[in-house]
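Below is one structure; the comments refer to it alone.
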4 protein chains.
Amino acid sequence: MKIDAGSHVPIYRQIADQIRTAIAAGVYRPGEALPSLRVLALDVKVNPNTVQRAYDDLLRQGTVYSRRGKGLFVAEQGTVTAQQGTEKSLARALDEAIRNARAAGMHANQIRGLFNTSIRRVYGKGD
Amino acid sequence: MKIDAGSHVPIYRQIADQIRTAIAAGVYRPGEALPSLRVLALDVKVNPNTVQRAYDDLLRQGTVYSRRGKGLFVAEQGTVTAQQGTEKSLARALDEAIRNARAAGMHANQIRGLFNTSIRRVYGKGD
Amino acid sequence: MKIDAGSHVPIYRQIADQIRTAIAAGVYRPGEALPSLRVLALDVKVNPNTVQRAYDDLLRQGTVYSRRGKGLFVAEQGTVTAQQGTEKSLARALDEAIRNARAAGMHANQIRGLFNTSIRRVYGKGD
Amino acid sequence: MKIDAGSHVPIYRQIADQIRTAIAAGVYRPGEALPSLRVLALDVKVNPNTVQRAYDDLLRQGTVYSRRGKGLFVAEQGTVTAQQGTEKSLARALDEAIRNARAAGMHANQIRGLFNTSIRRVYGKGD
DNA sequence: GTGGTCTAGACCACA
DNA sequence: GTGGTCTAGACCACG
């Protein structure tokens, strides 16, 4: 679990995204328990409130459900909904950025160039 | 001029981006006056202060300049700086989307695939 | 009479300053009439209101006085008060700028360097 | 922190300049937190919005950065950019003062004389 | 009429 | 608690 404190993306969203990804990847299987609020908070060194908010996101989305006094568990359909969530959110962001650029008169190839620059900047030359 | 009040992007930034885009596209030419604060505020139905803030962005960037009591005018180099501004804004959006995706555990190639899908969706097969 | 429309100095102040300087230099002697509002407005191609405001400044300062229906005339002490006005205003501006720079920790020689750069920028190499 | 409400310099700029000066002088070191919006607003008895606007200047300049819910912090390069900002601000003030003087008909050498007087008045003979 | 500054007070996201 | 955005309404300088 890696938190980028410098990013403009809220920490709670970074946490929720990574948990969601882990569920999508099968790290947490349906019916399995998630790490407890306090444990996770200690792990990533943030305020428990922040973890709480991340878990709220997953609850609202139906990816996990809570058992009183027991903790949070991955829902039956959790793996599926998690997989959909991550990609859909990226696709939406890309669509919006590209639409804006097109409205500003940029050509597809200009956008492709900037995209390649960006992905290299984020991932480095390798990967 | 279309404002999405529900968007997470601040209204003043939406306005600045659209005006910048219009300048980049040559809708407003160097030396030409922009719509006055109050007129534009009435047009998009926001507070004049909000428009003012949008114009501030363009002023600081040197895309436009103000003449006392006369109005705001596109700078000599306005078309160029506006185009640069548009690129910078796209690069920022791409960086953020990619950083999010990476934090969520996606690989660069998955992102590349979604990007290609997005750009085809927006531009069509040609271009 | 030269007006710099691009300057941040209000036009009415530019006019007032130049009239004041002309009086200080003896171009207009005590008792002599100043150019009429409309004539001067046509001359420098500005709104008569703007010239009016410039003349207001000189009136308030006591450098000139008005004779109903006749026009504006240089006051008995006009030459003297005009001379004092110009230099005092510059000295005040310089003092403030230098005090600020000192508060920011700059050394006198750094300020001297920037001053020389500025004066060359405004006057050119010659003069 | 001293604000001159009567000055023609906007309050938000006075605040920004003084904070910038403090950073340049090392009063606030990189990584250190600035006084919060509301605290500073109470301190100098202005509206929090006005302080916000001052901080905006420093943010855009990259001298400080914000951490969500935590506060504003001096950037890694903050001391340097603050020093640069201070110089830029002095250069602007000198340019304007000299331009005014020139428009009022003064010669470069007259201005040089007044400048030397001013700098001696502020710094004394030594330095 | 124009842009520029300021206030008071609200609501939001975040920790 | 923090910063960020927005509104309503005021006053100013300028032309």
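A note on names: the letters A, B, ... follow the listed sequences, proteins ahead of strands, and every chain is numbered from 1.
At E:dG4, one or more side-chain N or O atoms of B:Gln52 fall inside 4.0 Å of OP1 or OP2 (strictly under the cut-off). Under 4.0 angstrom from either OP1 or OP2 of E:dG3 there lies no side-chain N or O belonging to B:Ser66.
Taking atom CG of D:Asp56 as the reference point, atom P of F:dC6 lies 12 Å away to the nearest angstrom. Residue B:Arg38 contributes atom CZ, which lies 12 Å from atom C1' of E:dT5 at whole-angstrom precision. In this structure, CG of B:Leu37 is placed 15 Å from C1' of F:dA8, rounded to the nearest angstrom. Between the CG atom of D:Asp4 and the C1' atom of E:dT5 there is a distance of 15 Å, given to the nearest Å. One can place CZ of D:Arg60 at 12 Å from C1' of F:dG4, the figure rounded to the nearest angstrom. Separating the CG atom of D:Leu40 from the C1' atom of F:dG1 is a distance of 16 Å, rounded to the nearest angstrom. Spacing between atom CG of C:Asp57 and atom P of F:dA13 amounts to 12 Å, rounded to whole angstrom units. When rounded to the nearest whole Å, the span between CD1 of D:Ile15 and C1' of E:dC6 equals 11 Å.
Nearest heavy-atom pair, C:Tyr28 versus C:Ala33, reported as atom, atom and distance to 0.1 Å: CD2-O, 4.1 Å. Nearest approach of D:Leu59 to D:Ser66, heavy atoms of both residues: CD2-N, 3.9 Å. The two residues B:Pro30 and B:Ala75 have their closest heavy-atom pair at CB-O, 3.4 Å.
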Can you name the atoms? Protein N/O to nucleotides 13-15 of chain E N/O, anything below 3.5 Å, with the distance.
unit_1	atom_1	unit_2	atom_2	d
E:dC14	OP2	A:Tyr12	OH	3.0
E:dA15	OP1	D:Arg68	NE	2.4

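Looking only at distances, no side-chain donor or acceptor of C:Gln52 sits under 3.5 Å from a matching main-chain atom of C:Leu37. Using a distance-only test at 3.5 Å, with no hydrogens or angles considered, no donor-acceptor pair links the side chain of A:Arg20 to the main chain of A:Gly85.
Here the side chains of B:Arg60 and D:Asp57 are in contact, with some heavy-atom distance below 4.5 Å. Taking 4.5 Å as the limit, some side-chain heavy atom of D:Pro35 sits within range of a side-chain heavy atom of D:Tyr55.
Between B:Asp95 and A:Arg121 there is a salt bridge, since at least one side-chain N of the basic residue sits less than 4.0 Å from a carboxylate O of the acidic one.
Among the protein residues, D:Arg67 comes within range of no part of the nucleic acid, since none of its heavy atoms lies under 4.0 Å from any strand. No contact: A:Val46 has no heavy atom under 4.0 Å from any strand.
When B:Val74, B:Val80, B:Thr86 are each tested for a side-chain contact (heavy atoms from CB on, under 4.5 Å) with B:Ile23, only one passes: B:Val74.
For DNA chain E, the stems formed by at least three consecutive Watson-Crick or G-U pairs, with both atom-pair distances below 3.5 Å, span E:1-14 with F:1-14.
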